[in-house]
There are 2 protein chains.
Amino acid sequence: MNDPISDILQSKGLRATPVRLKVLEQFQGSDNAVSPKEIELRFDQIDRITLYRTLKSFEEKGIVHKIDDGTGTPKYAMCIDKCDEGHHHDDHVHFHCNDCGNTFCVEDVEVPYIKTPPKLKVAKTSIVMNGTCEKCQ
Amino acid sequence: MNDPISDILQSKGLRATPVRLKVLEQFQGSDNAVSPKEIELRFDQIDRITLYRTLKSFEEKGIVHKIDDGTGTPKYAMCIDKCDEGHHHDDHVHFHCNDCGNTFCVEDVEVPYIKTPPKLKVAKTSIVMNGTCEKCQ
DNA sequence: ATGATAATTGCAACAGCGTTGCAAAGGATG
DNA sequence: CATCCTTTGCAACGCTGTTGCAATTATCAT
Ligand SMILES: [Mn+2]
Ligand SMILES: [Mn+2]
Ligand SMILES: [Zn+2]
Ligand SMILES: [Zn+2]
């Protein structure tokens, strides 16, 4: 329990199993959001179903958040803010680069207030930007 | 060719076939964005594949636009602005009601300018709001 | 009108993603 | 060790969307 990655899992009430540790390492070592498929390919051998269940539990526990970048391929990224079980605080913009295909969190851009018709009760606003990222300029 | 629905199709270079006319009627008569599955169920009998191809051609021609409301189920709605082949102008906010599950275009709310890191070249911004719609208050 | 030409449709088959059920393996706890 | 609960892996399945191909239908030029 000196391993910081193990600590994350245990603090969320999840056992620090080999699969979970390796998946979490992938997230820690990645600048971008990653799809289940990408994670799968980075492993020599991992069970598809186990990976799906791992991602689901990570998301439920507030370790990662799911990102819908409009490509149809869901992606996941580490939660930066202190998200808890069933309560996320990832209210930032996401960016999808049309050139390299990468998607990442734009932490320093908060979702602005947008005035809407008073008839609508807005609980959450999701913003996805498309364009060209720094590396692809 | 006095039928206004036929006119829409022909002005976009699409033949006014029975399937297309009926699908387009569904869009005209709906306040909400609709999923392929919903359209399929409104017909006594329609071929799934043909419907997918119809939606694809409608989208390409700028008759409808595809909406990703974050539910994982894609939806389509009529283009209000004059969208052309391969060039859409549907830069408005979309709203998904968590109560009734409906998704619709919020025409009168334009996507605001959002200041981003200068390193990012933003070409398009998609905004989806979640909450409670007027009917579900 | 008749035949050539091109667009549209319907069917079969397939691929990919994600889910569920279930049994085996692994940890925790006494 | 014995028990209980969690996690994993496999099989099977459902759903969405795609492609190939042949049949049908509309369009157009004789
Ligand atoms: Mn994020
Ligand atoms: Mn719209
Ligand atoms: Zn890029
Ligand atoms: Zn509603």
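Within every chain, numbering begins at 1; the chains are lettered A, B, ... in the order of the sequence lines, protein sequences first and strands thereafter. In this text, all values refer to a predicted model and were calculated from it rather than measured experimentally.
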*Centroid-centroid under 6.0 Å between A/His65 and A/His89 rings*: no
*asked:* Using 0.5 Å steps for rounding, measure from the CG atom of B/Asp44 to the NZ atom of B/Lys22.
replied: 7.0 Å
_Those residues that, when tested against B/Asn130, pass side chain to side chain donor-acceptor pair (under 3.5 Å) (two or more places apart)_ = B/Asn98
_Distance under 4.0 Å to a non-hydrogen atom of chain B counts as contact; along DNA chain D, which nucleotides mark the start and end?_
D/dT16 to D/dT27
*Mind checking side chain to side chain contact (heavy atoms under 4.5 Å, CB included) for B/Val122 and listing every partner two or more places apart, or none if nothing turns up?*
A/Phe95, A/Met129, B/Thr116, B/Thr125
*For atom NZ of B/Lys61 and atom C1' of C/dA7, their distance in whole Å*: 11 Å
_With clusters defined by side-chain heavy atoms of hydrophobic residues (ILVMFWY) lying less than 4.5 Å apart, directly or transitively, does B/Tyr76 cluster with B/Phe43?_
yes
_Does either side chain, that of A/Ser35 or that of A/Glu38, offer a donor lying less than 3.5 Å from an acceptor on the other one?_
yes
*Of the residues in residues 12-23 of chain B, which ones touch DNA chain C at a heavy-atom distance under 4.0 Å?*
B/Arg15, B/Thr17, B/Val19, B/Arg20
*Grab the CD-P distance between A/Glu38 and C/dC17 for me, whole Å please.*
11 Å
*Quantify the bending of the helix from C/dA1-D/dT30 to C/dG30-D/dC1 as the angle between its end axes, each fitted on five pairs, to 10°.*
20°
*Which residues within residues 47-55 of chain B lie with some heavy atom under 4.0 Å of an atom in DNA chain D?*
B/Arg48, B/Ile49, B/Tyr52, B/Arg53
*asked:* Tell me the interatomic distance from B/Phe58, atom CZ, to C/dT8, atom P, rounded to whole angstroms.
replied: 10 Å
*List in chain and number order the residues that pass side chain to side chain donor-acceptor pair (under 3.5 Å) with B/Thr103, two or more places apart in sequence or in another chain; answer none if no residue qualifies.*
B/Asp69, B/His96
*For B/Arg15, check side chain to side chain donor-acceptor pair (under 3.5 Å) against everything at least two apart and list the hits.*
none
_With sequence neighbours excluded, residues passing salt bridge (charged side-chain N to carboxylate O under 4.0 Å, His left out) with B/Lys61_ = B/Glu85
*asked:* What is the distance, to the nearest angstrom, from the CD1 atom on A/Ile46 to the P atom on C/dC17?
replied: 15 Å
*Who passes side chain to side chain donor-acceptor pair (under 3.5 Å) against B/Asp47, sequence neighbours left out?*
B/Thr50
_Sequence-distant partners of A/Asn102, side chain to side chain contact (heavy atoms under 4.5 Å, CB included), two or more places apart_ = A/Asn32, A/Cys100
*asked:* Going by side chain to side chain contact (heavy atoms under 4.5 Å, CB included), name the residues that satisfy it together with B/Arg48, two or more places apart in sequence or in a different chain.
replied: B/Glu40, B/Tyr52
*Ignoring hydrogens and geometry, is there a side-chain-to-backbone donor-acceptor pair from A/Ser30 to A/Gln26 under 3.5 Å?*
no
